[in-house]
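Side-chain atoms are counted along with the backbone in the values below, which use heavy atoms only and exclude waters and symmetry mates. In this text the structure is predicted, and so the values were computed from the model without any measurement.
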Amino acid sequence: VRCVEETDFNVIKDVERFHLAHTEESLTQKARMLRPFIRQLLEEGKDLQPLVLAMGKPSVVRITVILPGGKVAADSEHDPATMESHWSRPEVQMALKRGLGMSQRYSTTLGRKLLYAAVPVKDMEGRLLGVLRVAYPLAPVKEALHPLFRRLLLENLLLVLLALSLALLFSRYVSSQLKTVADCTQAMAQGDLTTRVPETGVRELKILARSLNSMAASLQELFEAREEERQKMNLLLSSMPDLVVVTDRKGTILFANQAFFRLFGKEEKLWQALRTPRLAELFTRVWEEKKVKEEVSTPRGTFEVTAIE
């Protein structure tokens, strides 16, 4: 959108420059067209005001004739007798030096901004008779661009609304994709490693989904391998004739093989199953000595117990 706005701004500037260049060319041609008539009247010493009024009134072009030294001899929009010296005006000085003077400035006489074109008026021997200046108000040039400004403004507004709509749709789409990723990740965290994140959406989300799926697959393989090893170990321990039991520090039975359960039954605590004070002492010692081996008498018989931390 910003790129389009900059392009539109450049287009407006180009159109404005084109209008100004066209107006400058038109003013220059008008000044050169009027110069022979002004030269003839100056050479004959006749009053210029009637001709200037006749040529200037039908159009919006202001015509001014300036004598050497700056006195205004005629002006189509103001009484020349009340006008100050115009010899120092930039377009007049440029015309004297280069043969054509152009300027854009605010007219203190008329109270508005004008585009000026000035040409020197000389006799057949090259003597300066005066300066002919024509001016065109810049307001019509600006007003001619108003429809273009309004159209470009409307187009930019529509583009902004379209961009915002697309951004909203894209945001909702990405939010939906992120919610799917979050739901799948939560399922994985809760232990469902068979869950897979759909590898769809924008490139970054596809990469994230692929990484999460790869991690879940690796964890699933690891857990399956550990479960397989655990089952093999359980099968091996269950088939042993010796009694095997695993507890934590509190004496809670974590695992026992079938031989143990057949003899002592299924209890939560080890001493509940064995029902002997001697076992409690042995259980305490094993955490200090790491390994204890001795005989223990229980209501079910005497057993050689090997305890390892």
Problem - Heavy-atom side-chain contact between Val131 and His86 under 4.5 Å - result: no
Practice task
Look at the side chain of Ser214 and the backbone N and O of Arg210, then say whether any donor-acceptor pair between them is shorter than 3.5 Å.
Solution key: no
Fill in the blank from the handout: So NZ of Lys122 and CZ of Arg127: to nearest 0.5 Å the spacing works out to 12.0 Å
Problem - Ser107 side chain reached by Pro137 side chain, heavy atoms, under 4.5 Å - result: no
Practice task
Say whether Leu115 and Met55 are linked into one hydrophobic cluster, either directly or through other cluster members, by side-chain heavy-atom distances under 4.5 angstrom.
Solution key: yes
Practice task
Kindly indicate whether the side chain of Leu114, heavy atoms from C-beta on, has any atom under 4.5 Å from the side chain of Arg105.
Solution key: no
Exercise for the section: Decide yes or no for Pro80 and Gln49: does some side-chain heavy atom of the first lie under 4.5 Å from some side-chain heavy atom of the second? Expected result: yes
Practice task
Taking all heavy atoms of Val134 and all of Leu34, pick out the closest pair and write down the distance.
Solution key: CG1-CD1, 4.4 Å
Exercise for the section: Indicate yes or no for a side-chain donor-acceptor contact from Gln93 to the backbone of Trp87 under 3.5 Å, with no hydrogens or angles considered. Expected result: yes
Problem - Side-chain touch Asp79/Met83, heavy atoms, less than 4.5 angstrom - result: no
Exercise for the section: Could you point out which residue of Val121, Leu51, Val52 forms a side-chain contact (heavy atoms from CB on, under 4.5 Å) with Phe37? Expected result: Leu51
Problem - Ion pair check, Glu44 and Arg39, cut-off under 4.0 Å - result: no
Problem - Spatial distance of atom CD (Gln186) from atom OG1 (Thr195) [nearest 0.5 Å] - result: 10.5 Å
Practice task
Would you indicate whether the side-chain heavy atoms of Arg133 and Tyr116 approach each other to under 4.5 Å?
Solution key: yes
Fill in the blank from the handout: Between Val61 and Ser76 the two heavy atoms that sit nearest each other are O-OG, 3.9 Å
Practice task
Determine yes or no for a side-chain-to-main-chain donor-acceptor pair under 3.5 angstrom, with Asn213 supplying the side chain and Arg196 the backbone.
Solution key: no
Exercise for the section: Tell me, with the steps shown, if Glu221 and Arg226 meet salt bridge (charged side-chain N to carboxylate O under 4.0 Å, His left out). Expected result: CA-CA 9 Å; Glu221 291 177 1; Arg226 292 187 62 182; over 6 Å; no
Handout entry: Val197 reachable from Leu219 in the ILVMFWY side-chain graph, under 4.5 Å edges
Key = yes
Problem - Co-membership, hydrophobic cluster, residues Leu212 and Phe223, 4.5 Å side-chain - result: yes
Exercise for the section: For the residue pair Val72 and Thr64, establish whether any side-chain heavy-atom pair is separated by less than 4.5 Å. Expected result: yes
Handout entry: Under-4.0 Å salt bridge between Arg89 and Glu84
Key = yes
Exercise for the section: To the nearest 0.5 angstrom, please state how far the CG atom of Leu129 sits from the CG atom of Leu41. Expected result: 11.0 Å
Problem - same_hphob_cluster(Val92, Leu67) at 4.5 Å side-chain heavy-atom cutoff - result: no
Practice task
Hey, could you give me the CZ/CG distance between Arg62 and Asp75, rounded to the nearest 0.5 Å?
Solution key: 4.0 Å
Problem - Distance-minimising heavy-atom pair for Ser85 and Gly69 - result: OG-O, 3.4 Å
Exercise for the section: Following the transitive rule for hydrophobic clusters with a side-chain heavy-atom cut-off under 4.5 Å over Ile, Leu, Val, Met, Phe, Trp and Tyr, establish whether Leu96 and Leu27 coincide in one cluster. Expected result: no
Practice task
Indicate yes or no for a side-chain donor-acceptor contact from Arg35 to the backbone of Pro120 under 3.5 Å, with no hydrogens or angles considered.
Solution key: yes
Practice task
Enter the distance from Leu132:CG to Ile66:CD1 here, rounded to the nearest 0.5 Å.
Solution key: 8.5 Å
Problem - Nearest non-hydrogen partners of Leu42 and Gly130, listed with the distance - result: CD1-N, 4.5 Å
Handout entry: Straight-line distance of Leu208 CG to Arg203 CZ, nearest 0.5 Å
Key = 12.5 Å
